[in-house]
Amino acid sequence: MKTIDENDMQYREAARKVKRIKNFYLSVFIYVAVNIFILYLNYNELGPNETIWHIEYFILPIIWGAVLVVYGMSVYFSGFMLGSKWEEKKIKELMDKEQ
């Protein structure tokens, strides 16, 4: 079994990815909790013969959900939207420019 060295580049990259996944899960939990709460409040404010099925009640969850999907794709698909390959390329470019 390989020992874990905290200075190892692979270890730091794996720890960074785990942190990003954890932050994504936390974001999904907050998204669900906040939107359930907001929809509950909106439902309680309805008068008689009113329905919650109007677009103004779902604009926030739709837009926030779309942003969350893009964030999830950037977490799980490393090349999506300025991923690690882009970072490596940019680092090499800046190092070459400095020399």
Side-chain angles (χ1 to χ4, degrees):
M1 184 173 174
K2 185 178 175 182
T3 59
I4 297 175
D5 180 18
E6 291 185 11
N7 295 325
D8 186 21
M9 214 42 176
Q10 283 183 317
Y11 174 81
R12 282 192 270 162
E13 186 66 30
R16 187 174 148 251
K17 183 156 180 121
V18 167
K19 185 175 180 180
R20 290 185 67 193
I21 291 171
K22 180 182 167 187
N23 288 338
F24 174 70
Y25 286 154
L26 180 64
S27 298
V28 169
F29 174 75
I30 292 170
Y31 168 79
V32 170
V34 167
N35 283 302
I36 287 173
F37 180 70
I38 290 172
L39 288 174
Y40 174 75
L41 290 177
N42 287 335
Y43 182 76
N44 279 343
E45 294 292 320
L46 292 176
N49 297 328
E50 289 183 346
T51 180
I52 198 164
W53 299 108
H54 293 286
I55 192 69
E56 65 262 11
Y57 296 124
F58 295 98
I59 290 293
L60 176 67
I62 290 170
I63 293 173
W64 191 0
V67 170
L68 198 57
V69 165
V70 171
Y71 177 51
M73 291 176 72
S74 72
V75 168
Y76 285 104
F77 303 113
S78 62
F80 184 78
M81 292 199 52
L82 306 177
S84 60
K85 290 181 183 179
W86 177 85
E87 289 175 4
E88 291 172 9
K89 180 180 169 187
K90 198 64 172 173
I91 289 170
K92 287 178 185 177
E93 178 183 313
L94 291 173
M95 287 175 62
D96 289 343
K97 188 184 270 189
E98 297 249 343
Q99 291 179 351

Glu45: side chain to side chain donor-acceptor pair (under 3.5 Å) partners, not counting sequence neighbours: none
With the side chain counted from C-beta on, respond yes when Phe24 and Ser74 share a heavy-atom pair under 4.5 Å apart, and no when they do not. no
ILVMFWY network linking Val67 to Leu60, side-chain heavy atoms under 4.5 angstrom: no
Under the 3.5 angstrom rule, does the side chain of Glu50 hit a backbone N or O of Gly47 as a donor-acceptor pair? yes
Hydrophobic cluster of Leu39, others only, ordered by chain and residue number, side-chain cut-off 4.5 Å: Tyr43, Leu46, Ile52, Trp53, Ile55, Tyr57, Phe58, Ile59, Ile62, Ile63
Which residues pass the side-chain contact (heavy atoms from CB on, under 4.5 Å) test with Val34, sequence neighbours left out? Ile30, Ile38, Trp64
Gap separating the OH atom of Tyr76 from the NZ atom of Lys17, nearest 0.5 angstrom: 8.5 Å
Taking atom CG of Leu41 and atom CD1 of Ile36, what is their separation to the nearest 0.5 Å? 12.0 Å
Of the non-hydrogen atoms in Gly65 and Tyr31, which two are nearest, and what is the gap between them? N-CE1, 3.6 Å
